[in-house]
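Some notes on the structure that comes next.
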Amino acid sequence: MTTHQPTTRLVDREALSDPGYQAFLLLRTVFTVAPILFGLDKFANLLTDWPQYLAPWINDIVPGSGQDAMYLIGVIEIVAGVAVALIPRYGALIVAAWLAGIIVNLLTIPDFYDVALRDFGLLVGAVALSRLAAKYAPARQS
């Protein structure tokens with residue numbers, strides 16, 4: 001009878017050589033870091049003037065200014081990035097849903113269709129991350 005020796009290492013070499021696991025790690029890293037950085041930038045507007053990406057009809061229904069809306073959006077993006085880090089299977093779906101909302105917003109603004117198309121690609125990547133997480137980041141056992 002053999003006994004299973006639990007490993008103290010988080011990931012063994014065999015897992016690191018698995019292309020699926022590599023894809024999972026890459027997507028998990030990107031979908032953790034990018035939303036957090038973009039969320040933080042909503043407060044600084046270093047990368048771009050974020051309020052220009054807010055459709056007028058959305059700006060009309062949110063309280064305050066477009067920049068005030070960006071502060072809330074920034075917080076949501078930071079939370080989504082943290083969710084991907086902690087629970088990638090579901091955090092990725094939160095990011096995908098968020099991207100779907102961004103796409104709807106962008107499709108209602110003239111001249112932003114290219115950005116909407118890019119965000120659709122990101123949405124597909126987030127869904128792929130969720131699917132990979134089902135295999136490579138199983139639910140935590142208590």
For this session: Would you mind reporting whether Phe31 and Pro88 have side-chain heavy atoms less than 4.5 Å apart?
Result: no
Problem set entry | Spacing of Leu46 atom CG and Leu37 atom CG [to the nearest 0.5 Å] | 11.0 Å
Exercise. Under a single-linkage definition using a 4.5 Å side-chain heavy-atom cutoff for Ile, Leu, Val, Met, Phe, Trp and Tyr, are Leu47 and Leu72 assigned to the same hydrophobic cluster?
Worked result: yes
For this session: Indicate yes or no: at least one non-hydrogen side-chain atom of Tyr90 is less than 4.5 angstrom from one of Val84.
Result: no
For this session: May I ask whether Leu26 and Ile87 are part of the same hydrophobic cluster, defined by side-chain heavy atoms of I, L, V, M, F, W, Y residues being less than 4.5 angstrom apart, directly or through others?
Result: no
Seminar exercise, completed: Sequence neighbours excluded, the answer for ring pair (Phe, Tyr, Trp, His ring centres under 6.0 Å) partners of Tyr71 is Phe43
Problem set entry | Qualifying salt bridge (Lys or Arg N to Asp or Glu O under 4.0 Å) pairs with a residue from residues 107-123, counting only residues at least two apart or across chains | none
For this session: Mind listing the closest non-hydrogen atom pair of Asn59 and Ser65 along with its distance?
Result: OD1-C, 3.8 Å
Exercise. Are Val124 and Val127 connected in the hydrophobic side-chain network, where two residues link if heavy atoms are under 4.5 Å apart?
Worked result: yes
Problem set entry | Close side-chain approach of Pro35 to Val79, heavy-atom, < 4.5 Å | no
Exercise. Do Leu117 and Leu123 belong together in a cluster built from hydrophobic side chains that touch within less than 4.5 Å?
Worked result: no
For this session: Taking the side chain as every heavy atom from C-beta outward, state whether Lys42 and Val75 have any atom pair closer than 4.5 Å.
Result: no
For this session: Might you point out which heavy atoms bring Ile94 and Ala80 nearest each other, and give the distance in Å?
Result: CG2-CB, 4.1 Å
For this session: To the nearest 0.5 Å, tell me how far Tyr113 OH sits from Leu106 CG.
Result: 10.5 Å
Exercise. Just how far is it from atom CD1 of Ile78 to atom CZ of Phe38, taken to the nearest 0.5 Å?
Worked result: 12.5 Å
Problem set entry | Smallest separation among heavy atoms of Asn105 and Ile109, with atom names | O-CG1, 3.6 Å
For this session: Over all heavy atoms of both residues, which pair between Ala116 and Leu107 is shortest? Give the atoms and the distance, please.
Result: CB-CD2, 3.8 Å
Seminar exercise, completed: dist Gln22:CD -> Ser17:OG (nearest 0.5 Å) comes out at 7.0 Å
Exercise. Does Leu25 share a hydrophobic cluster with Val30, counting links as ILVMFWY side-chain heavy atoms below 4.5 Å and allowing steps through other members?
Worked result: no
Exercise. Are any of the side-chain heavy atoms of Trp98 and Ile73 separated by less than 4.5 Å?
Worked result: yes
For this session: Write down the atom of Ala85, the atom of Thr32, and the distance for their closest heavy-atom approach.
Result: N-OG1, 3.4 Å
Problem set entry | Exam field: side chain Arg89 to backbone Ala137, donor-acceptor pair closer than 3.5 Å | no
Seminar exercise, completed: When rounded to the nearest 0.5 Å, the distance separating CZ of Arg28 from OH of Tyr136 is 14.0 Å
For this session: Would you give the length of the straight line joining atom CG of Leu54 to atom CG of Asp60, rounded to the nearest 0.5 angstrom?
Result: 9.0 Å
Seminar exercise, completed: Across all chains, not counting sequence neighbours, the ring pair (Phe, Tyr, Trp, His ring centres under 6.0 Å) partners of Trp50 are Tyr53
